[in-house]
Structures are given as structure tokens and as C-alpha cells.
Amino acid sequence: MQVDTVLAPPLRVPAAGEADLHLPDLGSVDFLGGISGHSLLMGGIVVCLLGLVFGFVTYGQLRRLPVHESMHEVSELIYRTCKAYLVQQGRFLLMLWVFIAAVIVAYFAFLMHYSVGRVLVVLAFSLVGMGGSYAVAWFGIRVNTFANSRTAFAALRGKPYPVYEIPMKSGMSIGMALISVELLMMLVIMLFVPGSLAGACFIGFAIGESLGASALRIAGGIFTKIADIGSDLMKIAFKIKEDDARNPGVIADCTGDNAGDSVGPSADGFETYGVTGVALITFILLAVPDPATQVKLLVWIFVVRAVMVIASGLSYAGNQVMAGRRYAHRDRMNFETPLSALVWLTSAVCIALTYLTSWALIADLGTGLWWQLATIVSCGTLAGALIPELVKVFTSTHSRHVREVVTSSRQGGASLDILSGLVAGNFSAYWLGIAIVGLMGGAYLISTIALGALMIAPAVFAFGLVAFGFLGMGPVTIAVDSYGPVTDNAQSVYELSVIEDIPGVAEQIRAEHGFDVEWERAKYFLEENDGAGNTFKATAKPVLIGTAVVGSTTMIFSIIMALTGGRTEEMVNLSLMHPPFLLGLITGGATIYWFTGASIQAVTTGAYRAVEFIKDNIHLDGATKASAEDSTRVVEICTQYAQKGMLNMFLGVFFSTLAFAFVEPFFFIGYLISIALFGLYQAIFMADAGGAWDNAKKVVEVDLHAKGTALHDATIVGDTVGDPYKDTSSVALNPVIKFTTLFGLLAVELAVQLAASSGTVLTHSLAAVFFVISAYFVYRSFYGMRISGGTRAPEDEPAEPPAREGARPAAV
């Protein structure tokens, strides 16, 4: 397809940096027969405040739920270690922010000649964005550590429904609070910051939250899998049960469940929601020439966002009523069923309200445009429900792929277990890729009907709206993702509390809480629910990575517009006929594969050190629990290697972005496109392969009751391979894609400005310097993270050749 056809009509848009964009007067257009856009968005702020009230009321309800003191002590210990980890991560984030701040100051102060006040505004909002990611992560940990012990205690009744209800409530509390805070921050910028400063505020805000999400997601992913692998391998080495209280690695594992599976997704979801909004705002201001149309589209998008928050709350309430009526008194339930019902119900309600809101607000925008835009958004909302269903095909404990992993492990051990998991990951990448292409293709076709009359590149806007629709049911997407860490922790809290060994505890619970304890049923439901949590943790990952990739196309368009000013004659550089563009495509793929290896290397080295320490310090005779000192030391090992690995990877990505932006602008665009596409498939493959391995182990433990067998050992090995796949490398690619694209906005404009003022010799020289620095950190990400000590590596000392037949043995 010809580029000029896609970009027709050839509207001229002035070249400008995103920070220079001015928001139009949102009160200049009336809706619904006389309500100004400004007033409508003020209503959105009210919705956000109600969402926060919902989140904090639920928080209070969880805190007041009954719990046994032995379980409460464990959950509070987990929270204290999580808190210590977060404090360290906060200091680490501020150190990383200094690098970003230096580029912001160099670009805006010295090249764009912004006043000191304007530069400080950009810096301030970058801190606000980073602080938002950090704050919601902290809230998520606090809620989860209330819910984990309450879930463990509720299981003692021997009924499955409370074991589902409490993690669901905690997840919804996090989801509503997270989305409400993010939307509130964006609305405050739109409504209360002068339009001339809004562009700078949005860019600073987006870069800050992207930095926060990247650090928390990557470091958290490394931490949690070091702890998880170190703890899991003890089951093979010492034939002990999962979450054995004598294992010093279990507390670190519980901390990691929150650091990686709660902190990371919370910060990631917060950033994804915000960056997608910034991308759409930037597109509208760059590609839509008419200010009145800009206002209509901006108000429509953010009112729809607010309506979807309401839709998520109503869907959750309705689903809980239905689930309660169906399962509250049952002795068995499939934990995945009400979770799936919630996702589909929310998707249907969001789609219906999207059409209704679009008809009410933009029916006068143009013939049929209201339903076209609503349909495009609904393609994304449908994806938010369809993708989890596809992921379940490859990761659910009930899926044929997971059963295949178990079956192959019976005869082939860990080898065939791993191969079958790789098959599941590869097949999932195909089907999810086809689903995403189908939904994006549908959105593109709709965009060709009439959107071209309003804007340049309507297809790009359609892709941005698909990403927007992905996140429309954000509170529920975050809720089902947060369900997993609570179920995982609940099982661990039960074991670590050693509640069964407390004298007279059954009589105490009967006297204080009025029910008879059912130990075996409690343990069974906690394990079974953990499998459901694994599945739904897996379903959220492709939704977030899909949003990152689809949304990044909108941000890349912003870079293209800034470089070309909308001149179609320069679009020939976006083809294979322009060699730098092709070279950029190749370079992006190389970066994704380096990053994958570096993140797994950090986990491998950290896990080696954790296993080494645990083996030397585990006491199985005469002890009921590991000492607090030993558990704390394992947490310190996990934190040390998480931060060391994160520093190498972040600085490698940071300086690579600068280097490639300074090489040549269209080289850099090719690089960004390649990172998005390679990252999409690498992330889906790794996430779903890991999910299949994880739940294959769960099938062996729960359905086959085969703990301690050779089959169980094989699935544990597969799970430890899948741990960094699904919870480190795959999930870290999402914030890396968005951070590189957002930071690249500044980097490439900085390079263009320098080239224009000082010539390309300077920019190419700087590109070489930045590349050497990035290559140093790439080098360190392996050679600085290698496992030192212990057995010599082959290259350190050549092996002795085998002796000749009949030769006399060498003297020792």
C-alpha cells in the first residue's frame, strides 16, 4: 500500500515537539445540549474520587476480616520485608531518575531554550508520574498482605467460596484505586494546568511513570524468581513440602510474590493506562487540524474512560451477587469460572456503555462517526476478554496443553516437560498474534470509512483506540491479575503459620469463631485456587504487552510527525529502500534478545547464591521454623541481585536509546518498530510457556496427589525454567517497549536539534560514545553477573585427556 494513500488527505501539520503542543480550550464546545467539555470532565474527577472511595472502603473491609494470630504474624512479616524492599527500590528509582532528568534539562533548557520554570514543571511531573507508579505499588502490597492471611484463615471452614471471594475483593480494590488515581492525575493536568504547559506536563508525567514501572517491574521480576527458584529447588534437594516453614527461602518467596506479581503489575498497569492516554492526546493534537474537533475527541475519550470505571464497578458487584448465589454454600467449585464470568460481563457492559456514551457525545461529529469510533474502541475491549480465553487454552490446569506437559513428563522427565512447555508457548504466540491482527485489522477497515476526513493517518488513531479499549476494563484486568499473588501467598501463609501444630487451636477457633476446622479441605482448596491464580496471572500479561505494542504505534507516529511535519514526500524513508530504516529493524530484534538473556542471567546468578545459602543454613532436625535472620539474608540476596541486574539492564537500554536516536532518525524509528514486534512475540511465547509449566506442576500436586515423586520433581524443574520466562523476561518487555518509545521522543528530537545546530559529525560522535557506554553495560549484564567461585569453568583449566589403554595411572 502506498504511504500517501494511507496518509490521505495530505493535511499539513507543523513540526513541533510533543512538549510544545497546546491543549485547546475544553470549555469551548458544548455537549448534551449545553454542558461544556470542561464540566463533563469535572464529572470524571467525581467518578475517580468514587473509585478511590471504593478502593479504600474495600481495604478497610479486608483489614477487619477475621484471622488467626499465627497467620497474621506471618503476613505482617511478609509485609515488613516487602516494605524494606520498597524503601530500597524508592532510593534506587531516584538514582535512575537523575539520568532521565539530565536529558530533560539538556533538551528543554539548552536546546529548546525553555525558561527555568517550564523545565522545572517537566521535571516535577516526571516525579509525579514516577511517584504514582510507586504509590499504587505500595498500596497493592498492603492490600495483598491483608488478604493473604484472611484467605488462609477463611479456608479453614472447608468451603471454597470464601477462598475465591477474598482475593477477588482485594484485586478489585487495587484495580479501582490504581485506575482512579491514574485517570485523576491526567484529568487534573487537562483541567487545571494552562494549555500551553499541558504538553510538557504530559510528556514528563509519562516518562516518569514509565521509568517507575520499568524499574519496579524488572527488579521485582528478578527478585521474585530468585526467591521462587531457590525455594522450589529445596523440595527436590531435601524432599520437603512446598512452603515448608523450615526453609529460609519461603519468606523471600512470599515477598517476591508481592514484589514481582503485585508491585510489578500494579506499576505496569498504572503506566500502561497513562501512556496510552498521552499517546492519544498527542495524536489528536498533531493529526487533527480543527480545534473544535480536537476538543470533541479529547472529551469523548476521557468521558468514556470514566464511564468504563463505573462499568467495571457495576460488573464486579453484579458478578459477586451471581457467584455468591451459585457457590456460597457449595462444597466444590471451579475457581476459574466466576473469574472468567467477570471478565466477559465487564467486557459486555463496557462495550454497551461505549456505544451509548459515543452516541450521546459525538453523534454530531459526522455521519456515522460515533458508531465507527465506538466500534473501534470495542475491538480493544473485546480483546480484553478474548485474549484471556486464548491464554487459558495454553495455561489453565484444565487445558490440553498443560495436560500434555504432565503426560510427557511421566516418561520423559524434565526434558520432555520443558519441550512440551516450549510447544505451548510457541503455539500461543501464533494464536494470540492472529487474534491481535484480526482485531487491529477490523479497526483499520472501519477507520477507512470516514475518519480520513477529520485527521491524518486515521489507521494510526484506530490502533491507538484499540489499545485504549484493551485498557477500558482496566480495574477488572488488574483485579484478576492481582488475584494470583494473594492465592499464592495464602497457601504459603497457611504452611508458615504451622497452625496445625499449635496445641488446642481447633478448640480455640471453634470457641472464638464458631466453626469446626477442616484441615485437609482447607489445604486442598488453597492449592487448587493457586492454580486458578496462576492462570489469571498469565491472562493479564498478553493484555498489557498487547497494549504496549498497539499503543506504541501511536507514539511512533508522533515521532514521525515531529520529524516530517506531515510532508508525505519524506515518508519514503520509512521503507526498505532507505537502508538505515532496515538496519534499525534488525537492531531492535538484537536488543530484545539481549534483554531476555540479561534478565534470565540475573535470576540464574541470584538463584545460585540463594540456593547455596539455603542449603548451608536449612535446619530440618529439631526446628519448626527457619530463623528470622536466615530468612532476612535470603531476602537480601534477592534484593542485591535484583538491583544489580536492573542497573545493568536499565543503563544498557538508556544509553542504547540515546545511541540509536543519534545515529539517524529513521534508523531509530525502525528500531522502535522492531522492538515492539519482536517484544510482542517474545513476551507472549515466554509468558505462556511459563504458565504451562507452572500449572503442570499444580496438576501433579492437586489432581494427581503425586508430591515427592519423580514426576513431581520433573515438573518442578520445568516450573523453575518457566519462572524467569513468565515473571521476569516476558513481563519486563512491556515497560521496556514503552520507556524506549517515550524516552525516544526526547532523544530523537534532541539529536535532530543538535544536528541542525552543530552538524551530524557531533551527533554521530555522540552516538558512538553512547553506544560504547551501552555496550559496556550489555557486557556487564553477563560477565558482571556470572556465577563466580565453585567449580572451574572449562576455559579456566583444560581437562586431562583420557589415559591410553594399558597406561599406568598417574600419581596423585
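With 3.5 Å as the limit, one finds no donor-acceptor pair spanning the side chains of K225 and T720. Residues K644 and N648 bring no donor and acceptor atom of their side chains to less than 3.5 Å of each other. In this structure, a donor-acceptor pair under 3.5 Å is present between the side chains of E336 and S396. Side-chain atoms of Q491 and E527 form a donor-acceptor pair, as typed in the model, at a separation below 3.5 Å. Side-chain polar atoms of W693 and T715 form no donor-acceptor pair below 3.5 angstrom. Using a 3.5 Å distance cut-off with no hydrogens or angles, the side chains of E209 and S133 do not pair a donor with an acceptor. S497 and E73 share no donor-acceptor pair across their side chains, judged by distance under 3.5 Å alone. Side-chain contact check for T632 and E636: no donor-acceptor pair (N or O, by modelled atom type) lies under 3.5 Å. T395 and N534 are not linked by any side-chain donor-acceptor pair at a separation below 3.5 angstrom, with hydrogens and angles left out of the test.
For F782, the CZ atom is densely surrounded, since the number of other residues' heavy atoms within 6.0 Å is greater than 12. Remark: Y593 OH is loosely packed, at most 12 non-hydrogen atoms of other residues, nucleotides or ligands lying under 6.0 Å away. Other residues, nucleotides and ligands contribute at most 12 non-hydrogen atoms within 6.0 Å of the NZ atom of K615. Taking a 6.0 Å sphere around CH2 of W431, one finds it holds 12 or fewer heavy atoms contributed by other residues, nucleotides or ligands.
Here side-chain hydrogen bond (donor to acceptor under 3.5 Å, both in side chains) pairs that include residues 213-224, with residues two or more places apart or in two chains, are R217-D268.
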| query | Does the salt bridge (charged side-chain N to carboxylate O under 4.0 Å, His left out) test come out yes or no for D481 and K537, once each step is laid out? | reply | CA-CA 5 Å; D481 187 47; K537 278 192 297 184; over 6 Å; no

| Run the side chain to side chain donor-acceptor pair (under 3.5 Å) check on N489 and N144 step by step: do they pass? | CA-CA 9 Å; N489 261 199; N144 283 354; over 6 Å; no

| query | Step by step, would you call K235 with D232 a salt bridge (charged side-chain N to carboxylate O under 4.0 Å, His left out)? | reply | CA-CA 6 Å; K235 292 185 287 187; D232 274 355; 3.3 Å; yes

| side chain to side chain donor-acceptor pair (under 3.5 Å) between Q682 and T596, worked out | CA-CA 9 Å; Q682 182 81 327; T596 300; 3.2 Å; yes

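Side-chain atoms of V498 and K625, non-hydrogen and from C-beta on, do get closer than 4.5 Å to each other. The side-chain heavy atoms of N529 and P167, taken from C-beta on, include a pair separated by under 4.5 Å. Y608 places none of its side-chain heavy atoms less than 4.5 Å from the side chain of I229. Looking at D417 and V721, their side chains never come closer than 4.5 Å, going by heavy atoms from C-beta outward.
The closest donor-acceptor contact from the side chain of T539 to the backbone of P388 lies at 3.5 Å or more, if one exists at all. Checked by atom type and distance alone, the side chain of S408 pairs as donor or acceptor with a backbone atom of E404 at under 3.5 Å. At distances below 3.5 Å, not a single donor-acceptor pair connects side-chain atoms of S231 with backbone N or O atoms of D228. No side-chain donor-acceptor contact under 3.5 Å links T740 to the backbone of I737. A donor-acceptor pair under 3.5 Å is absent between the side-chain atoms of T728 and the main chain of Y725, judged by distance alone. N258 places a side-chain N or O within 3.5 Å of a backbone atom of C254 that can act as its donor or acceptor partner. Side chain of T272 to main chain of G269: no donor-acceptor pair is present (N/O by atom type, distance under 3.5 Å, no hydrogens or angles). A distance-only check finds no donor-acceptor pair linking the side chain of D253 to the backbone of G249 [under 3.5 Å]. A donor-acceptor contact shorter than 3.5 Å links the side chain of T487 to the backbone of G484.
Salt-bridge check for R633 with D630: failed, with every basic side-chain N at 4.0 Å or more from each acidic carboxylate O. Under the 4.0 Å criterion applied to side-chain N and carboxylate O atoms, E76 and R142 are assigned as salt-bridge partners. A salt bridge links R403 with D703: the distance from a Lys NZ or Arg NE/NH1/NH2 to an Asp or Glu carboxylate oxygen falls below 4.0 Å. By the 4.0 Å N-to-carboxylate-O rule, D727 lies close enough to K541 to be salt-bridged with it. In this structure, D713 pairs ionically with K239, as a charged nitrogen and a carboxylate oxygen lie closer than 4.0 Å.
Pairing each heavy atom of V405 with each of G421, the nearest pair is CG2-N, 3.9 Å. Taking every heavy atom of both residues into account, N617 and F613 meet most closely at ND2-O, 2.8 Å. Across A642 and I226, no two heavy atoms sit closer than the pair N-CD1, 4.4 Å. Between V343 and A385 the shortest heavy-atom distance is CG1-CA, 3.7 Å.
For V493, the side chain to side chain contact (heavy atoms under 4.5 Å, CB included) partners at least two apart in sequence or on another chain are M71, V74, I78, N148, S149, A152.
From M168, atom CE reaches atom OG of S173 across 10.5 Å, with rounding to the nearest 0.5 Å.
Ring pair Y641/F223: centre-to-centre distance not below 6.0 Å.
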